[in-house]
Each structure stands twice: as C-alpha cells, then as structure tokens.
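I have placed the structure first, in the form of structure tokens, so that the comments after it can refer back to it.
Worth knowing before you read on, the calculation uses all heavy atoms, side chains too, and leaves out hydrogens, waters and symmetry mates. All values reported here derive from a predicted model rather than from experimental measurement. Below, chains carry the letters A, B, ... as their sequence lines are ordered, and counting in each starts from 1.
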There are 2 protein chains.
Amino acid sequence: MAVAARRERERTARREAILDAAQELVAAQGYHGMRMDSVAEAVELSKGTLYLYFENKDALCAAVATRLLDTLIPFMESALENTSTGLDAVHKLFQKYSDFTQENPHHFRFALAWLSEGERMDDSTEAFQIYRGRVGDMLSLVVASLKRGQADGSIRADVDPLPQALQLWTSFLGVVMVGLNREAMAQRVPVPMDFEQLVPLHLDAMVRALSSEGAS
Amino acid sequence: MAVAARRERERTARREAILDAAQELVAAQGYHGMRMDSVAEAVELSKGTLYLYFENKDALCAAVATRLLDTLIPFMESALENTSTGLDAVHKLFQKYSDFTQENPHHFRFALAWLSEGERMDDSTEAFQIYRGRVGDMLSLVVASLKRGQADGSIRADVDPLPQALQLWTSFLGVVMVGLNREAMAQRVPVPMDFEQLVPLHLDAMVRALSSEGAS
DNA sequence: TCGATAACTGACTACCAGTCAGTCACTGAC
DNA sequence: GTCAGTGACTGACTGGTAGTCAGTTATCGA
C-alpha cells in the first residue's frame with residue numbers, strides 16, 4: 001500500500017521534472033524548436049518514456065502552458081487591488097497580461113500556435129481540456145471587471161460583457177504577437193516603428209472605446 | 001534571340017502554374033499542410049524542379065501571398081470611394097480586409113505564421129522582400145486615411161498616424177485570427193460565443209477610440 | 001524463490017524539406 | 001548534318017524529427 005503511494009509520488013515528481021525540462025527548452029527554443037529528444041536528454045530518460053507521461057508533444061506543451069497560466073491568473077488578480085473603477089481594472093488586467101507575455105514569451109507563442117494553426121495541433125487530449133479551462137478562468141476576470149465597470153458607471157451600459165471580453169482578449173493577442181517579435185518585426189514590417197509603444201497605444205484605444213464618457 | 005524570349009515566357013508560365021497549384025493546396029490544406037511533393041505532383045513536375053523556381057517552401061508561399069495581396073490592395077482601395085470622412089474610410093478599409101480574409105483564409109494563415117513564428121521562417125529571400133513591400137503598401141492606405149480623418153476633423157488630432165495604423169492592423173489580426181477559426185474556436189475557447197460578432201464589435205471599438213467626438 | 005507488474009529503453013517507422021549528380025531535349029556554330 | 005554547349009528537369013537520396021513497440025530491467029508480494 002505504502003508502495004503505491006511512493007510510486008505515485010515518484011511518478012508525479014518525474015512528471016514535474018519533464019515539465020521543467022520542457023518549459024526550459026520551449027523558453028529557449030520556442031514551441032517548434034523544442035525537440036522531444038532534447039527533453040528526454042535533459043531529464044535523462046529515453047524518448048519513449050516521455051510518451052508514458054504525456055500523450056504527445058502538444059499535450060506536453062499544453063501541460064507546460066497550464067502550469068504557466070496557474071501563475072498568470074493570480075498575477076492578474078493581484079492587479080485588481082487598488083483599482084478605482086471597473087474600467088481601470090480592465091486596463092490593469094491587460095497591463096499585467098502584457099507584463100506576463102514579456103516574461104514568458106514562449107507560453108504566449110504556444111497559445112498563439114494553438115489559436116492560429118489549431119487544425120494541426122492535437123487538442124483532443126485531457127491536457128488541453130485543462131488548459132482550456134484555465135483560459136476560461138482568465139477571461140472570467142475580464143468579464144467580471146467589465147460588469148463591475150458597468151455597475152460603477154465607468155463603462156458604457158450597452159457593452160455586452162462576454163463578447164466584449166473576447167474582443168479585448170483577441171485584439172490584445174494580435175498586438176502582443178507583433179510586439180513580442182519586435183526585434184524581428186523591425187526588419188519585417190516595412191515601416192519605421194517603435195514597437196514598445198504598441199501595447200500602451202492599444203490599451204489606450206481600448207479604454208477609450210469602453211469608457212462611458214463621450215458615449216454615443 | 002527569339003528563343004530566349006520564348007524560354008522566358010515558358011519559364012514565367014511554369015512559375016505561374018506552380019503558384020496556382022501551391023495556392024490551391026495552401027487553400028485546401030493550410031500552410032503547414034501543403035507539401036512540396038503535392039505541389040510537384042499537381043503541376044506534373046518533379047520536386048527538384050520546384051527548387052529551380054523558388055528557393056524554398058517559405059519563398060514559394062511568400063510569392064503566393066504576394067499575388068493575393070496584389071488583389072487585396074485594389075480591393076481595399078475600392079472601399080475608399082464614397083467615404084464621407086477619414087474615420088469612415090478607416091472603418092471601410094478594415095471591413096474590406098475582413099471580407100478578404102474570409103475569402104482567402106489561407107493567405108491570412110500564412111501572414112500569421114510569418115508574424116507569430118517568424119524565427120522559424122526563412123524571410124531572407126527576395127520573395128519575402130517583395131511581400132514585405134506589399135504589406136507596407138497596404139498599411140499606407142490606413143495611414144493616409146488616418147491623416148485624412150485628422151484633416152477633416154473626424155479623427156482625434158492627437159493620434160500619431162503611423163503607430164496608430166500599426167495598432168489598428170495588429171489588433172485586427174488578433175481578432176481575425178480567432179474569427180477565422182470560429183468553428184474550431186467554438187470548442188476551443190471555453191465560453192459560449194458567436195464569433196460572427198467579433199469583427200464588427202472590434203471595428204466599432206476602433207472607431208470609438210479614434211473618433212474626435214468625446215475625445216479627452 | 002519466483003511469477004507478476006510497472007517503468008523504462010532504444011532501435012525502428014513514417015514523413016517531409018531540401019539536395020545533387022546525372023539525363024534529356026533543344027540550339028546554333030561549324 | 002553533326003555535335004558540343006546549355007538550360008530544364010529528374011528522382012533517389014540525406015537529414016532531421018514525432019511517435020511506436022517489442023523487449024529488458026527492477027521491484028514487489030506471495
């Protein structure tokens with residue numbers, strides 16, 4: 001009996017070790033650059049063993065991303081303290097989100113890959129269901145702040161919180177996607193541009209769009 | 001002499017045939033799903049021959065995307081007719097862009113792949129330089145309309161046209177990225193949502209943010 | 001002591017972008 | 001007419017990577 005418990009602990013520890021290695025490699029090489037062989041080597045296991053812990057590469061990455069979202073969500077929640085209005089809260093939530101993507105660009109790239117080329121990613125695994133749930137939790141923070149803003153009058157009354165939260169999130173994704181690759185983007189986009197400005201500019205636009213002041 | 005001219009014509013025709021095949025396959029299978037072997041088979045050439053016309057897969061895809069942008073730009077320009085104000089023009093430009101992505105989702109996926117995982121894409125080829133130029137032309141339309149809007153008073157005077165055009169474009173990319181995969185997204189994003197609403201909602205937010213009415 | 005079980009291994013398959021030595025067909029000079 | 005030169009084309013091959021699976025090893029309980 002105690003044996004089973006110990007085995008369970010060992011299994012969990014090994015799983016965490018794999019996640020640590022995968023996370024580090026994704027951080028260094030990006031989602032596509034991360035190789036299952038490299039993960040195996042890093043944890044001193046054979047590649048086959050990885051597949052005893054994760055169904056496939058995508059599931060492993062989803063598990064890494066889930067662990068990161070477990071950090072992001074409390075981080076975003078901390079932004080809600082000392083907010084004067086719901087509108088202010090929305091602004092600060094996304095500010096935190098932006099900070100997080102700067103610290104964890106690899107996580108963001110994974111999320112993007114999932115959203116943009118999802119057809120090629122196997123999201124039928126349990127790991128993905130859990131990940132999906134976390135994304136929902138994150139979006140709920142935005143929805144709640146939008147409602148709060150409508151209650152305190154800082155956000156237009158005709159805003160529909162759920163669709164608007166998705167609009168905020170998805171548009172933000174696009175901006176951060178480009179801002180994240182700003183070094184490469186400077187050569188890539190054929191216009192002179194300081195990409196540092198982009199996120200603040202977008203947040204400002206979002207606040208203006210939501211604000212009850214000057215509403216039609 | 002005439003031989004050289006004929007050879008040149010034949011070469012161009014073959015190049016176009018390859019582009020046609022590649023475009024169709026990218027449309028059907030997506031950027032990642034398109035196989036160089038499939039393109040070769042479709043044009044009844046060996047794979048090696050493709051590499052006499054295009055440096056690599058990415059360059060071929062960039063050439064496909066360039067051809068599509070050659071269609072998009074006049075299409076967007078046509079939106080400028082019968083626009084009452086610069087603000088209205090910006091709105092209609094993006095509306096056309098949205099329409100185009102619905103018709104040519106594959107092109108958009110390629111652009112996304114380029115922007116989001118650009119490190120892994122070889123964008124040093126000539127085909128990419130040309131593509132970059134087209135993206136710049138497209139953005140110029142937005143910049144010009146923003147300036148027009150400031151001149152006619154429909155857009156806030158404190159908007160900096162070039163950064164704002166990038167903010168509009170990049171945020172739009174995020175929204176369209178999600179909207180494009182709305183079938184998959186319905187299961188993927190853990191909230192009930194009619195993704196058809198998303199683009200109009202975003203355009204509305206952008207117009208509100210740019211509008212000189214109610215400006216602080 | 002030994003059969004059962006879980007954990008692990010690594011050589012293997014399948015797949016795909018890109019390469020290159022060699023073939024083929026046409027051309028123009030002689 | 002011949003034949004060397006040239007450009008177009010070929011397809012078997014390389015290299016790299018995700019995922020598989022038959023077999024090995026270690027540990028456990030009876």
For DNA chain D, what is the dot-bracket line, given that a base pair needs Watson-Crick (N1 to N3, plus N6-O4 or O6-N4) or G-U wobble (N1-O2 and O6-N3) geometry with both distances under 3.5 Å, and | means paired with another strand?
-> ||||||||||||||||||||||||||||||
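- The side chain of A/Asp37 approaches D/dA18 more closely than any other nucleotide in the set C/dC8, D/dA18, D/dC9.
- Between A/Asp99 and the choices A/Lys96, A/Gln102, A/Gln95, the side chain to side chain donor-acceptor pair (under 3.5 Å) rule is met once, by A/Gln95.
- Contact annotation: the side chain of A/Thr83 approaches that of A/Arg148 to within less than 4.5 Å [non-hydrogen atoms, C-beta and beyond].
- Side-chain atoms of B/Thr49 and B/Ser46 form a donor-acceptor pair, as typed in the model, at a separation below 3.5 Å.
- Listed here is the closest heavy atom pair of B/Leu80 and B/Ser145: CD2-OG, 3.6 Å.
- Annotation: side chain of B/Leu93 is not in contact with side chain of B/Trp169 (no heavy-atom distance under 4.5 Å).
- Contact check for A/Phe94 versus A/Met206: no side-chain heavy atoms found under the 4.5 Å cut-off.
- In this structure, the NZ atom of B/Lys57 is 8 Å from the C1' atom of C/dC16, given to the nearest Å.
- Shown for residues 42-52 of chain B: residues whose heavy atoms fall under 4.0 angstrom of DNA chain D, namely B/Leu45, B/Ser46, B/Gly48, B/Thr49, B/Leu52.
- Taking atom CZ of B/Arg9 as the reference point, atom C1' of D/dA8 lies 17 Å away to the nearest angstrom.
- Listed candidates were D/dC9, C/dC8, C/dG18. Nearest to the side chain of B/Arg14 is D/dC9.
- Residues forming a side chain to side chain contact (heavy atoms under 4.5 Å, CB included) with B/Ala22 (at least two apart in sequence, or on another chain): B/Met34, B/Val39, B/Leu60, B/Val64.
- Atoms CG (A/Asn56) and C1' (D/dT17) sit 14 Å apart, rounded to a whole Å.
- Of the candidates C/dG18, D/dG19, C/dC16, the closest approach to any side-chain atom of B/Arg35 belongs to C/dC16.
- The distance between atom CE of A/Met34 and atom C1' of D/dA18, rounded to the nearest whole Å, is 11 Å.
- Contact between the side-chain N/O atoms of B/Arg11 and the OP1/OP2 oxygens of D/dG7 is not found at any separation under 4.0 Å.
- Distances shorter than 4.0 Å separate none of the side-chain N or O atoms of A/Tyr53 from OP1 or OP2 on C/dA7.
- Per the geometry, CD belonging to B/Glu41 stands 12 Å off P belonging to C/dC16, to the nearest Å.
- In this structure, the CD atom of B/Glu55 is 17 Å from the P atom of C/dA17, given to the nearest Å.
- Atom pair A/Met36:CE and C/dG10:P shows a separation of 16 Å (rounding to whole Å applied).
- A 4.5 Å side-chain heavy-atom check between A/Leu72 and A/Asn104 finds every atom pair outside the cut-off.
- Between the CG atom of A/Leu60 and the P atom of D/dT17 there is a distance of 16 Å, rounded to whole Å.
- Side-chain contact annotation: A/Gln164 with A/Gln167, donor-acceptor N/O pair under 3.5 Å present.
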